[in-house]
2 protein chains.
Amino acid sequence: MALEMDERKTKILEAIIRNYLETGEPVGSRTISRYSELNLSSATIRNEMSDLEEMGYIIQPHTSAGRIPSDKGYRFYVDRMMADKEKEVSEMKDMVVEKADQLSELLKQVAKLLAFNTNYAAMITSPQIHRNKLKFIQLSKVDESSILAVIVVEGNILKNKLIPVSEPLDNDTILKLNLLLNTHLNGLSLEEINLGLITLIKEQAGIHTDVISSVIDAVAEAIRADENLEIYTSGANNIFRYPELTDNSRASEIINALEEKKELGELVSETLQAEEEGSHGIQVYIGSETKVGSMQDCSVVTATYELDEGMRGMMSIIGPKRMDYEKVAQTLKTLQEQLDSLYRKK
Amino acid sequence: MALEMDERKTKILEAIIRNYLETGEPVGSRTISRYSELNLSSATIRNEMSDLEEMGYIIQPHTSAGRIPSDKGYRFYVDRMMADKEKEVSEMKDMVVEKADQLSELLKQVAKLLAFNTNYAAMITSPQIHRNKLKFIQLSKVDESSILAVIVVEGNILKNKLIPVSEPLDNDTILKLNLLLNTHLNGLSLEEINLGLITLIKEQAGIHTDVISSVIDAVAEAIRADENLEIYTSGANNIFRYPELTDNSRASEIINALEEKKELGELVSETLQAEEEGSHGIQVYIGSETKVGSMQDCSVVTATYELDEGMRGMMSIIGPKRMDYEKVAQTLKTLQEQLDSLYRKK
DNA sequence: TGTTAGCACTCAACCCCATCGAGTGCTAAC
DNA sequence: GTTAGCACTCGATGGGGTTGAGTGCTAACA
């Protein structure tokens with residue numbers, strides 16, 4: 001007969017994990033026997049632990065050592081915890097996001113807050129704004145050889161681009177171009193602006209010089225440009241707090257991943273995909289549950305935020321598997337709420 | 001009689017340092033005896049080494065160990081090397097800076113190149129543009145409650161700022177303001193734009209509403225804003241290649257310094273100051289020669305670059321004291337030249 | 001049938017100690 | 001001035017014993 005989880009096993013497993021989260025040391029039967037309200041002898045605990053090991057929830061690093069939670073064990077714990085504790089509105093009042101006028105500053109700030117409050121490494125991506133609508137385009141002449149294009153997207157995200165021109169454009173032409181671009185493109189979402197539309201505009205521009213065509217191309221390019229998501233990280237050095245991550249070359253790998261950001265990109269797409277599929281809110285990846293190679297010894301907790309309609313980004317905490325999941329989830333949730341309301345409420 | 005440096009001592013010291021740079025292990029007399037063209041017995045070398053130690057150029061970590069270079073020893077080596085080898089135009093052709101249209105992208109790229117080519121950590125600051133001239137200001141109405149100001153500085157650096165306004169401004173007013181700001185401010189260096197001038201403009205704006213006054217203030221503020229220098233780092237994980245930096249909590253400190261960037265700021269001002277004082281080109285700080293606390297176990301090699309008239313920034317390599325100074329200096333010089341010519345030549 | 005006490009066993013961690021060898025400083029001879 | 005020789009130092013390495021936390025198993029108990 002297959003072994004089954006009962007109440008007592010659950011309690012013991014939880015006690016083991018709790019203890020391990022604190023100490024980072026393998027937990028023995030005696031410890032559980034004494035420091036739990038179960039009032040069972042160590043021998044009984046041993047029997048149960050033996051079962052739990054067989055079921056795959058805990059692991060013995062070597063004979064004659066205590067047990068540590070396996071990925072499966074953590075998973076069980078996290079799932080139970082997530083279900084139970086929807087309570088406790090966090091009270092970290094010191095963690096207030098100030099609205100920075102530069103979005104990048106805001107994100108850097110949030111990353112720092114996350115890292116500082118949790119003592120783990122943190123990252124946050126810039127919001128992806130595909131679905132956002134173009135609000136306003138402004139071309140102006142800077143000097144004989146360059147045109148400035150400013151593009152404002154809903155949510156007041158700015159982009160600018162200096163466009164080099166081979167021959168000067170007179171003010172009239174620029175005015176005309178401005179009008180043309182605005183009438184055609186305003187109100188459209190970035191996704192709706194395609195090649196056909198651009199060609200149409202070029203035709204209507206009437207004067208078929210290369211210069212004008214290249215300006216329009218440059219504008220179109222600038223509009224599409226911000227596909228590249230920015231990733232901000234903070235608290236990389238926090239991983240030195242956890243010996244199990246600092247061993248061997250692990251630290252180097254993790255630091256590298258945080259710096260290179262390419263691998264983090266995979267994490268992002270993984271998260272957003274999961275999010276699409278319905279799992280919503282806070283997600284937890286334990287050890288090998290994430291596909292990112294250098295994070296196999298870590299746990300990653302992610303959350304999405306939505307600054308404004310269609311401007312969704314993602315933030316996450318990266319730490320050891322023995323992470324204080326509750327605190328991390330709380331912290332993420334708090335920040336998530338703050339970000340969500342930041343631009344909307346005003 | 002004080003001990004003096006002679007040719008043979010110099011050669012021996014150089015051999016010690018060279019060897020130590022390669023191996024990272026204390027160097028014994030026998031090694032030098034065999035692997036140098038001096039053809040001296042180990043005993044003779046020992047005598048000389050004893051002298052060198054007394055003079056402070058080398059250190060014995062403990063009795064019965066070989067010698068390692070002291071900060072002073074490195075300094076001697078570096079000075080000699082810098083004098084000797086002004087030769088060898090580097091030939092790292094693969095290290096080509098591509099002109100990115102975003103300055104920040106360019107700088108990130110350079111930081112990566114530096115780190116990748118040297119296997120040390122690298123940083124680069126954004127250029128400081130105090131002395132640069134204002135080229136063009138553009139105000140435009142984004143919606144009822146915000147005005148966008150775009151400021152172009154010589155060298156085509158862009159700044160923008162969204163200015164919230166309490167009441168809508170009509171297009172005429174904005175046009176007028178544009179004209180006013182441009183006629184008064186264009187061609188002035190950022191330093192020349194002072195409070196008096198701003199007041200003058202406000203007066204001339206005629207209509208003494210709070211709204212207009214606040215817009216002008218906001219523009220002035222945006223002009224002054226870019227004092228904050230950005231610092232880009234790369235290759236932090238390279239320090240894991242050098243055990244002497246990875247010991248204890250050193251790694252954590254260094255990584256933290258690279259991430260926090262505040263300490264790096266000190267480094268920057270230190271460098272720029274030294275530069276002012278005449279020492280020009282490549283500078284080397286060995287161990288305690290830098291004032292930055294977390295870098296006492298490192299060497300820092302810095303160089304300044306000048307993208308365009310008045311746009312000077314600084315880049316540096318951070319690695320162990322046993323750094324390949326020649327290669328690093330070469331790399332910096334190459335990149336320096338590339339950056340210097342990037343915007344000018346065109 | 002579940003719980004417990006007792007006991008033999010395992011094994012990493014620690015300390016102690018002997019050995020090894022790279023390296024030195026000194027001295028005497030060339 | 002250079003070198004050979006030698007005694008000495010001391011970190012590194014590795015074997016061997018001890019310790020202690022922890023286990024699994026068994027037999028007795030409720």
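If you're wondering where the values come from, they're calculated on a predicted model, not measured in any experiment. Reminder, nothing fancy here: chain letters follow the sequence lines and each chain counts from 1.
Here the options are Asp51(B), Asn47(B), Ile45(B), the test is side chain to side chain contact (heavy atoms under 4.5 Å, CB included), and the partner is Met49(B); only Ile45(B) passes.
The CG atom of Leu264(B) sits 5.5 Å away from atom CE of Met295(B), with the distance rounded to the nearest 0.5 Å.
Spacing between atom CZ of Arg8(B) and atom C1' of dT3(D) amounts to 12 Å, rounded to whole angstrom units. Rounded to whole Å, atom C1' of dT3(C) lies 13 Å from atom CG of Asn39(A). Look at NE2 on His62(A): it is 13 Å from P on dA21(D), rounded to the nearest Å. One interatomic measurement links the two molecules: CD1 of Ile58(B) to P of dG23(C), which rounds to 13 Å at whole-angstrom precision. Going from atom CD1 of Ile32(B) over to atom P of dT2(D) covers 17 Å, rounded to whole Å. Atom C1' of nucleotide dG1(D) and atom CD1 of Ile45(B) are separated by 14 Å, given to the nearest angstrom.
Of the possible donor and acceptor atoms, none in the side chain of Tyr74(B) sits under 3.5 Å from a partner among the backbone N and O of Met323(B). With Tyr325(B) contributing its side chain and Lys321(B) its backbone, the two residues share a donor-acceptor pair below 3.5 Å.
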Contact string for nucleotides 22-30 of chain D, one letter per nucleotide 5' to 3', B = base within protein heavy-atom range under 4.0 Å, S = sugar-phosphate only, - = neither, reads SBB------
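Residues Tyr57(A) and Ile16(A) are not in side-chain contact: their nearest non-hydrogen atoms beyond the backbone lie 4.5 Å or more apart.
Between Glu289(B) and Glu270(B), the shortest heavy-atom distance links the atoms O-OE2, 3.7 Å.
Residues Ser316(B) and Tyr285(B) have side chains that never bring a donor and an acceptor to within less than 3.5 angstrom of each other. Between the side chains of Thr44(B) and Ser41(B), at least one donor-acceptor pair of N or O atoms lies under 3.5 Å.
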Secondary structure of DNA chain C per the Watson-Crick/G-U criterion (both distances under 3.5 Å; [ ] crossing, | other strand, . unpaired) is ||||||||||||||||||||||||||||||
